[in-house]
Structures are given as C-alpha cells and as structure tokens.
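Since the structure comes first, as structure tokens, the remarks are kept for the end.
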Amino acid sequence: MNTDGRTALLLGEDVMEAMAQRRVILFGVGGVGSWCAESLVRSGIQHLTIVDSDCVSETNINRQLMALQSTVGQPKVEVLRRRLLDIRPQADITALQAIYSADTASSFHLEQYDYVIDAIDSLENKAHLICTATATSATLFSAMGAALKLDPQRIRVAEFWKVKGCPLARALRNKMKRSHVFPAKKFQCVYSEEVLPNRGHYDAIDTDTWTAQKAQVNGTVCHAVAIFGFTLAGLVIQDIYNKTTIQC
C-alpha cells in the first residue's frame, strides 16, 4: 500500500526521497512537539529522534497528541513512538526519555542531524540548545511560547531577533545579552504576539501530576499548540522541498 501517494503527488518523488534520508531530532513532545512529530512522520520523515523526560499526566489530555486516559503514567516518548510506528512501520524512530541541559548536551550528538527542532519549555535549557544547535551544520527551528494563545491567525514565523510581542523570546534574548553567549547563526521561530491573561484558577489543576519543569503554569488550548507544532513541521518540509527543487 502506498500511503505517501497524495504527498508525493504534491512534492514529487525526489523530495520524498530527500525527506526519507534526512535526520531530525525533536526536543520536547508536549503540546507543540507531539503534533510536530506526527506531521513530520506522516509527511515522509523516516529518521526521527524524540526527546522528552516526562510521563503523560491527566493535565496533558486537553492538548497533547498521545495523552489519553489509557496512557496516563506512561513515558511520553514511548507512547508517541508506538503511534508513529503505527503510521510508518518502516521508520527509524528513536525515543529518548531524557532532559536536554548543559550537562547532557554532548550525549545528543547534534552534529549528526540535518534538523534540530526546539519545543522545550525551560528557559535555561532552551537557551543552551539554541546556542549549541546553531553552532552545528544542522538547521534549527524553534517554538517560542505557545501558552496563553487563542487566535490561530496571529501565529507567525520570524527570525529569532525579529520576533515581536513574545515574552519567552524577550526573556531568551535578555538572558543571552547578560551572559554574552549568542546563537552562532540566524534561525526561524514560530511565535504569536497574542498574550491573554489566565481567567481561571490554579486550583483547577492537579499539581500532584505536574512534572514539567516550568516556572509558571499557564492556560493552553489544543488548536494553538497544534498549529505551532504543524508550523514547525512545515518549516522542515518546506526547507527540504526548497533545497531539493533548487538543485534540480
């Protein structure tokens, strides 16, 4: 069965072959990263490493692809890997239940990948990943803050230093300026200028199941984080398409 027929009809066999050969590593498979991973694999990426230390919790069910009542308590990367292989059994999907940090960075061998996708939340680890990934030959795409967003029409793509209205991007830039450690090259980000207030109460969240290393819990909806994730995947696919067709 040719499950790639409709994709190949649009992209062409040469692009499909190029996608099958590219190596992608994705950090963070929560609300943004999980949808990104699915879109990549459904589109034709066959070498994908997914990295996340968390297990599925009930608080993930409102927005994360692999979060179901039946998967609560299971490692996110393992649940997602099973799903991705059910979509594309021949794919090479590596699941790493781990945290990216300054201490663990060298273990991921970013230089071996064509694309690095950043969908992690920790400011410290995110800044380190950005600076490390941009020092390699890999192409980096990064998600800025996807919480407190509701309007899908306000989600944008811009070069990191041109992102406007995003508190996470501003915090990253300020951190880099203070430390005098900057990205080695330009990279594209998915972001939104929209920042809504939390109108609910934190006591609605079961903090006993909260495992993510975040400074603050903010409200999030499925369609917003999914669009962030799909846009990240689209940037990868479009980049492969452009590079392949230009060479023809």
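These numbers were taken from a predicted model, which means no experiment stands behind them.
Not one N or O on the side chain of Thr71 forms a donor-acceptor pair closer than 3.5 Å with the backbone of Gln69. Between the Arg63 side chain and the Thr59 main chain, a donor and an acceptor come within less than 3.5 Å of each other. For Ser39 (side chain) and Trp35 (main-chain N/O), no donor-acceptor pair under 3.5 Å exists by modelled atom type.
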Ile237 vs Met19, test: side chain to side chain contact (heavy atoms under 4.5 Å, CB included). Steps then yes/no. CA-CA 8 Å; Ile237 295 160; Met19 282 203 292; 4.0 Å; yes
Derivation of the salt bridge (charged side-chain N to carboxylate O under 4.0 Å, His left out) call for Arg22 and Asp239: CA-CA 11 Å; Arg22 297 300 180 269; Asp239 192 65; over 6 Å; no
What's the verdict on side chain to side chain contact (heavy atoms under 4.5 Å, CB included) for Thr245 and Leu11, showing C-alpha distance, side-chain angles and the deciding distance? CA-CA 9 Å; Thr245 55; Leu11 302 182; over 6 Å; no
For salt bridge (charged side-chain N to carboxylate O under 4.0 Å, His left out), just list the numbers for Lys126 and Asp118, CA-CA rounded to whole Å, side-chain angles, deciding distance to a tenth of an Å, and then say yes or no. CA-CA 7 Å; Lys126 194 177 192 75; Asp118 159 39; 2.9 Å; yes
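At least one side-chain heavy atom of Lys175 sits less than 4.5 Å from a side-chain heavy atom of Glu124. Using a 4.5 Å heavy-atom threshold, the side chains of Glu194 and Leu148 count as separate. Leu84 places a side-chain heavy atom less than 4.5 Å from the side chain of Leu48. A heavy-atom distance below 4.5 Å is not found between the side chains of Ile93 and Thr49. Using a 4.5 Å heavy-atom threshold, the side chains of Lys164 and Lys162 count as separate. The closest side-chain heavy-atom distance from Pro152 to His223 is below 4.5 Å. Counting heavy atoms from C-beta outward, Cys189 and Val157 have side chains that stay 4.5 Å or more apart. At a threshold of 4.5 Å between non-hydrogen side-chain atoms, the residues Ile87 and Thr3 do not count as touching.
One finds the NZ atom of Lys149 at 9.0 Å from the CD1 atom of Ile155 (value rounded to the nearest 0.5 Å). The line from OH of Tyr241 to CD1 of Ile246 is 10.0 Å long, rounded to the nearest 0.5 Å. For the atom pair Ser101 OG and Asn125 CG, the distance stands at 5.5 Å (nearest 0.5 Å). Here the straight-line distance linking atom CZ of Phe141 with atom CD of Gln238 works out to 8.5 Å at 0.5 Å rounding. Note that the CD atom of Gln64 and the CG atom of Leu80 stand 10.0 Å from one another [nearest 0.5 Å]. Here Ser137 contributes atom OG and Asp114 contributes atom CG; the two are 7.5 Å apart, rounded to the nearest 0.5 Å.
Here Leu96 sits in one hydrophobic cluster together with Ile25, Phe27, Val51, Tyr100, Phe108, Leu110, Tyr113, Val116, Ile120, Leu123, Leu129, Ile130, Leu140, Met144, Phe160, Trp161, Val163, Leu168, Leu172, Met176, Phe182, Phe187, Tyr191; the rule is ILVMFWY side chains under 4.5 Å apart, joined directly or through other members.
Within a 6.0 Å sphere centred on CD of Gln153, heavy atoms belonging to other residues, nucleotides or ligands number 12 at most. Counting heavy-atom neighbours within 6.0 Å of Lys185 NZ, excluding the residue itself, gives a total above 12. Atom NZ of Lys186 is surrounded by 12 or fewer heavy atoms from other residues, nucleotides or ligands within 6.0 Å.
Thr244 and Ala18 get closest at one heavy-atom pair: OG1-CB, 3.5 Å. Residues Val225 and Ala146 share a closest heavy-atom pair of CG1-CB, 3.9 Å. Between Ser34 and Leu65, the shortest heavy-atom distance links the atoms OG-N, 3.2 Å. Taking each heavy atom of Pro167 and Gly165 in turn, the nearest pair found is CD-O, 3.5 Å. Here the closest heavy-atom approach between residue Pro183 and residue Thr134 is recorded as CA-OG1, 3.4 Å. Closest of all the heavy-atom pairs between Ala143 and Ala119 is CB-CA, 4.5 Å.
By the rule that hydrophobic residues join a cluster once side-chain heavy atoms approach within less than 4.5 Å of another member, Leu235 and Phe230 end up as members of one cluster. The hydrophobic cluster containing Leu9 does not contain Met16, counting ILVMFWY residues as joined when their side-chain heavy atoms lie under 4.5 angstrom apart, directly or transitively.
A donor and an acceptor atom, one from each side chain of Gln46 and Arg23, are nowhere located under 3.5 Å apart. When only modelled atom types and interatomic distance are considered, Lys76 and Gln97 share no side-chain donor-acceptor pair under 3.5 Å.
Checked for salt-bridge contact, Glu193 and Arg156 miss the test: no charged N lies under 4.0 Å from a carboxylate O. Salt-bridge formation is not detected for the pair Arg82/Glu78: no Lys NZ or Arg NE/NH1/NH2 atom is positioned less than 4.0 Å from an Asp or Glu carboxylate oxygen. A salt bridge between Arg81 and Asp86 is absent, with no side-chain N of the basic residue lying under 4.0 Å from a carboxylate O of the acidic one.
Under the side-chain contact (heavy atoms from CB on, under 4.5 Å) rule, Val72 has a single partner from Val79, Asn60, Ile61, which is Ile61.
Applying the side-chain contact (heavy atoms from CB on, under 4.5 Å) test to Ser53 and every residue at least two apart in sequence or in another chain returns Ile99.
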